Every structure is written in C-alpha cells, then in structure tokens.
There are 2 protein chains.
Amino acid sequence: MVGAVSDIYKALADPTRRVILDELVERDGQTLFELCTRLTMKHDVASSRQAISQHLDVLEAAGLVTRRREGRYTFHHLDTSPLREVATRWPTTP
Amino acid sequence: MVGAVSDIYKALADPTRRVILDELVERDGQTLFELCTRLTMKHDVASSRQAISQHLDVLEAAGLVTRRREGRYTFHHLDTSPLREVATRWPTTP
DNA sequence: TTGACATGCAAGTGACCACTTGCCTATGGT
DNA sequence: ACCATAGGCAAGTGGTCACTTGCATGTCAA
C-alpha cells in the first residue's frame, strides 16, 4: 500500500523527521537504535526510542522509508522518489 | 523578515494551502475574494474568508506569498523560490 | 455623507499531533 | 534454560493547528 500524496507533506512537516531523512541519506539501512544514537550525537535530537519509531511509521506511510526485517534487527531504507511530486508540483525557475 | 526553513514545510503541510499555491500558479495576483470564489468553484474547497486569510498569513510567513495593498484590495503574489530548499535538500535521481 | 464592499484583528473551540508510559513479543548469546 | 537485546503495541496527555465567531477598520461609489 503506497502512501497518499498528502502523507508526504505531513511527513515533512516535522523537523525530527526531516533530520531522520538527512541521516538516512548519509548512511542508509540503519536500525532503530543506530538512528537513535546518531540523531542524539550528531544532530542534537533528544527523542526517545518510541518517538523515533513513531516518526518512522509516518515516514513509512508516506513511502519515504521502507523497513526490512532481519532476525531481531529492522533496517530502515530511504526512498526519495515520492519527493519528486514536491519538486515538480510548483514551478521553480533554476 | 524572511521566514524560517521550518515555516516552509509547515506551510505545505495543509492541503488547502497547497491548493492556494496551485491557484496562484494558474493566476497570480489575486485578491482574497477572488481566491475564495475560485477555490470553491474549481477546487471544491469550502473554506470561509477568514480561514483562507489565515492560510495566506502562514504562506506569507513562509515567504511563499507576498501581499501588495492597493486601495481596498490586497493582491497576493506567489514566490516559489523558497521551495528550492525542498527540492535540493534530499537527492532525487531524475 | 451614507452605505456597501474588501479586509483586518482577536478570542474561543474542537481536533489532531508528538510524546510519554507501561507492557508485551521475539531473537540470539552464554 | 536464562536473560539481555531489539523492537512492537496501545492508552493517556499537553500543546499546537485550523476554523469559527464577532467586531473593527478602511475604501469607494452614489
């Protein structure tokens, strides 16, 4: 089930979720704990594990993040293709 | 005063505001009443005048809309340049 | 000037959102 | 088997947001 268009903008509305996308650009396929520690260390984000997990739920609903379960680890992968709608909806003269 | 980066994403989070941007792309420099009627007619948006006005406040704070007062009319103009941050922040392979 | 028109301002309300809290499931090492 | 690790599920809470309501301001035409 792919996310609706509205879910993309809703996902981008939160600053913590935008930093998560930044972090996944820098290093794709991180686990939840990896993301938590790296967000705290490098991006000064002080959010709990559950908070980050719920943010990842929103990002997954928007189609921006896919989850891959492997043993007791869940790896998170970035998919920026839904962002093309944002980039092309309104004309920006480059 | 130019809006913060976070204001751009907040402005795009609401579907009515996104339709307002669509409408201003189609016809720039509209008044509040023009926007209200055209949003109702063409985009099936049923929002009051005050609601639209407040949406325009948010868009103005994000730097996406500028206001030009002339007599008793206030014309609204679109500025898509803040959207470049959204288009370039995360890499999208075209 | 008088009244209709176009808009602005501000307090109040209901819904949604981010976050917490507490508990549960499952995997893997020793 | 035991226990620590990695993660999931769900109810509750405070704050923010969109919208309404009511009134005020300013502009133009007759």
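Treat the numbers as computed from the prediction; the structure is a model and nothing was measured. Just so you know, these numbers use all the heavy atoms, side chains as well, and skip hydrogens, waters and symmetry mates.
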Legend entry - Flag, side chain of Thr31(B) to backbone of Glu34(B), donor-acceptor distance under 3.5 Å: yes
Legend entry - Upstream residue (5' side of DNA chain C) when Asp14(A) and Thr74(B) are each assigned their closest nucleotide: Thr74(B)
Legend entry - Atom pair CD1/CG of Ile20(B) and Leu56(B) - distance to nearest 0.5 Å: 5.0 Å
Legend entry - Cation-pi geometry met for Arg18(A) and Tyr9(B) (6.0 Å, 45°): yes
Under 3.5 Å, which donor-acceptor pairs link side chains of residues 44-52 of chain B to any protein atom two or more places apart or in another chain?
residue	atom	partner	partner atom	Å
Ser48(B)	OG	Ala51(B)	N	3.2

Inset, instruction - Any chance you could measure Thr74(A), atom OG1, to Glu70(A), atom CD, to the nearest 0.5 Å? - result: 10.0 Å
Inset, instruction - Give me the residues of residues 25-35 of chain A where at least one heavy atom lies under 4.0 Å from an atom of DNA chain C, by number, or none. - result: none
Legend entry - Qualifying salt bridge (Lys or Arg N to Asp or Glu O under 4.0 Å) pairs, either residue in residues 82-94 of chain A, two or more places apart: Glu85(A)-Arg89(A), Arg89(A)-Asp22(B)
Inset, instruction - Any chance you could measure Leu39(A), atom CG, to Gln30(A), atom CD, to the nearest 0.5 Å? - result: 7.5 Å
Legend entry - In one Ile/Leu/Val/Met/Phe/Trp/Tyr side-chain cluster, 4.5 Å: Val86(B), Val58(B): no
Legend entry - Residues within residues 50-57 of chain B bordering DNA chain C, heavy-atom distance below 4.0 Å: Gln50(B), Ser53(B), Gln54(B)
Inset, instruction - Taking heavy atoms of chain A and a 4.0 Å limit, find me the 5'-most and 3'-most nucleotide of DNA chain C within that range. - result: dC17(C) to dG28(C)
Inset, instruction - For Ser48(A) and for His76(B), locate the closest nucleotide of DNA chain C by heavy-atom distance; then report the residue assigned to the nucleotide nearer the 5' terminus. - result: His76(B)
Inset, instruction - Ignoring hydrogens and angles, tell me if any N or O in the side chain of Arg17(A) forms a donor-acceptor pair with the backbone of His55(A) under 3.5 Å. - result: no
Inset, instruction - Would you please say whether a donor-acceptor pair under 3.5 Å links the side chains of His43(A) and Arg38(A)? - result: no
Inset, instruction - Would you give the length of the straight line joining atom CD of Glu26(A) to atom CG of Leu78(A), rounded to the nearest 0.5 angstrom? - result: 12.5 Å
Under 3.5 Å between N/O atoms: give me all the protein pairs with nucleotides 24-30 of chain D, atom names plus distance.
none

Inset, instruction - Measure from the side-chain N and O atoms of Glu60(B) to the backbone N and O of Asp57(B), and report whether any donor-acceptor pair falls under 3.5 Å. - result: no
Inset, instruction - Could you tell me the separation between the NZ atom of Lys10(A) and the CG atom of Asp14(B), rounded to the nearest 0.5 Å? - result: 12.5 Å
